[in-house]
2 protein chains.
Amino acid sequence: MTTIKDIARLSGYSIGTVSRVINNHPDVSEAARIKVEQVIREQNFQPNSNAKQLKQQSNSAITIIVKGYENMFFEGILERVQAILRDSGEDVAVAFLDEYSNEVQTAIQLCAARKPKGFIFLGGNLEFFKQDGHKIDVPCVLLTNTAKDLELTNLSSYSTNDEEAGYTVIDYLIRQGHSKVGIIGGSASRIGSQIGFRRMKGCLDAFAEHGLFFDEKTQYQPSRFSMAGGYESTQKLLKKNPEITAIFAIGDTIAIGAMRAIKDMGLSIPEDISVIGYDGIESGRYTIPRLSTIHQDTELLARKGVEDLLLRINYSHPITHEDINYTMVEGESVAKPRKRKEIRGR
Amino acid sequence: MTTIKDIARLSGYSIGTVSRVINNHPDVSEAARIKVEQVIREQNFQPNSNAKQLKQQSNSAITIIVKGYENMFFEGILERVQAILRDSGEDVAVAFLDEYSNEVQTAIQLCAARKPKGFIFLGGNLEFFKQDGHKIDVPCVLLTNTAKDLELTNLSSYSTNDEEAGYTVIDYLIRQGHSKVGIIGGSASRIGSQIGFRRMKGCLDAFAEHGLFFDEKTQYQPSRFSMAGGYESTQKLLKKNPEITAIFAIGDTIAIGAMRAIKDMGLSIPEDISVIGYDGIESGRYTIPRLSTIHQDTELLARKGVEDLLLRINYSHPITHEDINYTMVEGESVAKPRKRKEIRGR
DNA sequence: CCCGGTAACGATACCGGTAACGTTTACAAC
DNA sequence: GTTGTAAACGTTACCGGTATCGTTACCGGG
């Protein structure tokens, strides 16, 4: 293995000079730079990152913590974030957590052992951040949720304006003529991945504005953030409230499970029941029928998040909280309600 | 930050002893072990992995190289592999490559800079391994493809017996009465992710055995490994050969795109065209209609792969090549062919 | 000519661990 | 009592970088 010493020996300069060349320090002559760079290329030398990171104390890769690996929406962002980070020459580590783990605890532990330069959270529970977020001693970015109200000094956040989008969805369904709308997804308690808490708030506002009563008992059903979760929850929801003519699934993954459940109950989409999702994952564009949904701009989300993190790592920029634009995508899964036929068992 | 020195000071022992306790070395008294462990817990000390890895030369995390991130099948395995590795206390790094990158080159570069303990490849091009595989100087495991014929000393592989499974699929379709079967996916050349090369071979055997001629020109269509790829390729395939009554998509992701394309051409599944996939991803269980497919045991694949890698890293075990059992899952996307109606454009 | 300043570079301490080796102590064997 | 041996522990070199600091050589100004 070639080390900086070999480069020094072969180039006729000292390791100090070689190090300066590598790190673009000024105190090095043109001649030395050229010679050293040549040798580095010849040997295709790569500085040992362990040594570098050990010396520079506290930093290795940027760690992406993905909370809820069954949520396919994250996978799109993950890929993007990872790619951008790689192109920026950063190391990337990934930790997948299930929907119910404490991502902040995980981050704190990783800080002690791995010493990452920073974290990017794909999903996260604000309660956990409120409790222990300050213990994470490196810059963090939270994606797909906002930490605006948290008063943390180390956490930026970028997300769709979930509240507004939630409002948009319900408003849209009501305008289509649906008065009995069901909502599935998110957890009633604040435990869990907590995505959808704000979305729900927007929904309630929309109902209120239209003068409609929303009975959380019979029109709402919590759900794991997965297709299987959506499937089960839809069955439960429609069983306890057969009047429902439209379902808002708080994530596309859940919506796909919901559509399958509806079909299995002998009903058709959108004739009997309309379905609308949230996220805009690729799969939703290929379902039969195509899924109507709120499309979040993953590309932008990823880019902004990474940009923010790098600026803060390298130049101690201030934290930012920003809402990213969303668009509603009309697929084929929503129609005006019609007179309901009997629900057939299967 | 607490270091091993702090532990030494606080426990009244030397750093040598502390190190021995941490690493379970024998030469340490019961009293010392207990005391040191207590202090470690109190301070909740985590050894600095950079220092450790620097000293131990050549090793940091185990790196998972995912080739073709649009292939949802990999994401299931990735999650599993990652979880098992984490439970084993290993660091995990992930690199996502697109379908057309050279994963072996990437691994070689990572070896120089990152010094991982080993690699797990999710998908891979055998040609690349044949060329440069020997340059990767750490243990590797290839998942979802076999390196049996490669004569590499550092590469184990676990995969479904693709050839046999390919045979099974075509045999099944033919027994259902389909004589004009189309195949999409995989690349005709050996460049690209190359998944499906063996699958194709099994297919050809099945056609031959049943005395059917398979015209690669009109019955085969290469495809990117994504829903979008499946969509486009299906359109092309059905355009150049409208006689086809069944399509074998060489991956479920492709199959989902195919189903959508068929639907958009005004045909129905499975009445007009049967579709069968390969992989057994979760999405396929929620499509409408449910996708028939070859289900690969991701859990087993992941477990065997990780187990193999760890054994070889820690105990220099020999390499292994093993075929994992597959099962055919009958969904709702395959039926006996019927008299074809005209293809309507859309 | 001498001095101060500076560009360019070398020598070296240090980061936090590991492991080889040396030292101490206790105890058994002779 | 001396010696051998092994357990238990301390000391220290080393991993491959970075950064500080010291050194050298050369420059211009007085």
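Per chain, numbering begins at 1; letters A, B, ... match sequence-line order. Everything numeric in this text was worked out from a predicted model, so none of it was measured.
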Quiz item: For the atom pair CD (A/Gln43) and OG1 (A/Thr3), what is the distance rounded to the nearest 0.5 Å?
Solution: 10.5 Å
Quiz item: Using a heavy-atom distance cut-off of less than 4.0 Å, which residues of residues 28-44 of chain A contact DNA chain D?
Solution: none
Quiz item: In whole angstrom, what separates B/Asn50's CG from D/dG17's P?
Solution: 13 Å
Quiz item: Rounded to the Å, how far apart are A/Arg20 CZ and D/dC21 C1'?
Solution: 11 Å
Tabulate protein N/O versus nucleotide N/O from nucleotides 12-14 of chain C, keeping only pairs under 3.5 Å, one per line.
residue	atom	partner	partner atom	Å
C/dC14	O2	A/Lys55	NZ	3.2

Quiz prompt | Atom-to-atom span, CG of B/Leu54 to P of C/dG16 - whole angstrom | solution = 12 Å
Quiz prompt | side-chain contact (heavy atoms from CB on, under 4.5 Å) partners of B/Ser101, counting only residues at least two apart | solution = B/Leu97, B/Asp98
Quiz item: Roughly how far apart are A/Leu10 CG and A/Lys5 NZ, rounded to 0.5 Å?
Solution: 14.0 Å
Quiz item: If an axis is fit to five pairs at each end of the helix from C/dC1-D/dG30 to C/dC30-D/dG1, what is the angle between the two, to the nearest 10°?
Solution: 60°
Quiz item: Do A/Gln38 and A/Glu42 meet the criterion of a side-chain donor-acceptor pair at a distance under 3.5 Å?
Solution: yes
Practice problem: Quickly work out the A/Lys52 NZ to D/dA19 C1' distance and round it to whole Å. | Solution: 13 Å
Quiz item: Between D/dG16, C/dC9, D/dC9, which nucleotide has the shortest distance from any of its atoms to the side chain of B/Asp27?
Solution: D/dC9
Exercise. To the nearest 0.5 angstrom, please state how far the CZ atom of A/Arg41 sits from the CD1 atom of A/Ile7.
Key: 11.5 Å
Practice problem: Compare all side-chain heavy atoms of A/Asn154 with those of A/Ile319 and state whether any distance is below 4.5 angstrom. | Solution: no
Quiz item: Looking at C/dG10, C/dG16, D/dA8, which one has an atom nearest to any side-chain atom of A/Tyr13?
Solution: C/dG10
Exercise. Please identify each residue that fulfils ring pair (Phe, Tyr, Trp, His ring centres under 6.0 Å) with B/Phe121, with sequence neighbours left out.
Key: B/Phe119, B/Phe129
Quiz item: Which nucleotide sits closest to the side chain of B/His25: D/dC21, C/dA19, C/dG17?
Solution: C/dA19
Exercise. Decide, yes or no, whether a salt bridge links B/Glu307 with B/Arg303 under the criterion of side-chain N to carboxylate O below 4.0 Å.
Key: no
Exercise. Report yes or no: do B/Glu103 and B/Asn125 form a side-chain donor-acceptor pair below 3.5 Å?
Key: no
Quiz prompt | Protein-nucleotide distance (B/Ile4, atom CD1; C/dG16, atom C1'), rounded to Å | solution = 8 Å
Quiz item: Can you find a side chain N or O atom of A/Ser14 that sits less than 4.0 Å from OP1 or OP2 on C/dG10?
Solution: yes
Scan nucleotides 25-27 of chain C against the protein and return all N/O pairs shorter than 3.5 Å with their distances rounded to 0.1 Å.
none

Exercise. Only counting residues at least two apart or in another chain, list the ones meeting side-chain hydrogen bond (donor to acceptor under 3.5 Å, both in side chains) with A/Ser156.
Key: A/Asp308, A/Arg312
Exercise. Examine D/dT18: is either OP1 or OP2 under 4.0 Å from a nitrogen or oxygen in the side chain of A/Asn23? Give yes or no.
Key: yes
Practice problem: Could you grab the distance from atom CZ of B/Phe96 to atom CZ of A/Arg80, nearest 0.5 Å is fine? | Solution: 11.5 Å
Self-check item: Side-chain (A/Asp132) to main-chain (A/Lys135) donor-acceptor, under 3.5 angstrom
Solution: no
Exercise. Quickly work out the A/Gln46 CD to D/dG16 C1' distance and round it to whole Å.
Key: 14 Å
Quiz item: For A/Ser159, what residues pass the side-chain contact (heavy atoms from CB on, under 4.5 Å) criterion, not counting sequence neighbours?
Solution: A/Thr146, A/Arg198, A/Asp323
Quiz prompt | Qualifying salt bridge (Lys or Arg N to Asp or Glu O under 4.0 Å) pairs, either residue in residues 7-36 of chain B, two or more places apart | solution = B/Asp6-B/Arg9
Practice problem: State whether B/Ser19 places a side-chain N or O below 4.0 Å from either non-bridging phosphate oxygen (OP1 or OP2) of C/dG17. | Solution: no
Self-check item: By side-chain contact (heavy atoms from CB on, under 4.5 Å) - contacts of A/Ala32 (at least two apart)
Solution: A/Tyr13, A/Thr17, A/Val28, A/Ser29
Close N/O contacts between protein and nucleotides 24-26 of chain D (under 3.5 Å):
none

Quiz item: In Å and rounded to the nearest 0.5 Å, what is the NZ to CD1 distance from B/Lys52 to B/Ile22?
Solution: 7.5 Å
Quiz item: What is the distance, rounded to the nearest whole Å, between atom CG of B/Asn48 and atom C1' of D/dG17?
Solution: 14 Å
Self-check item: Partner residues of B/Glu322 under the side-chain hydrogen bond (donor to acceptor under 3.5 Å, both in side chains) criterion, sequence neighbours left out
Solution: B/Lys304
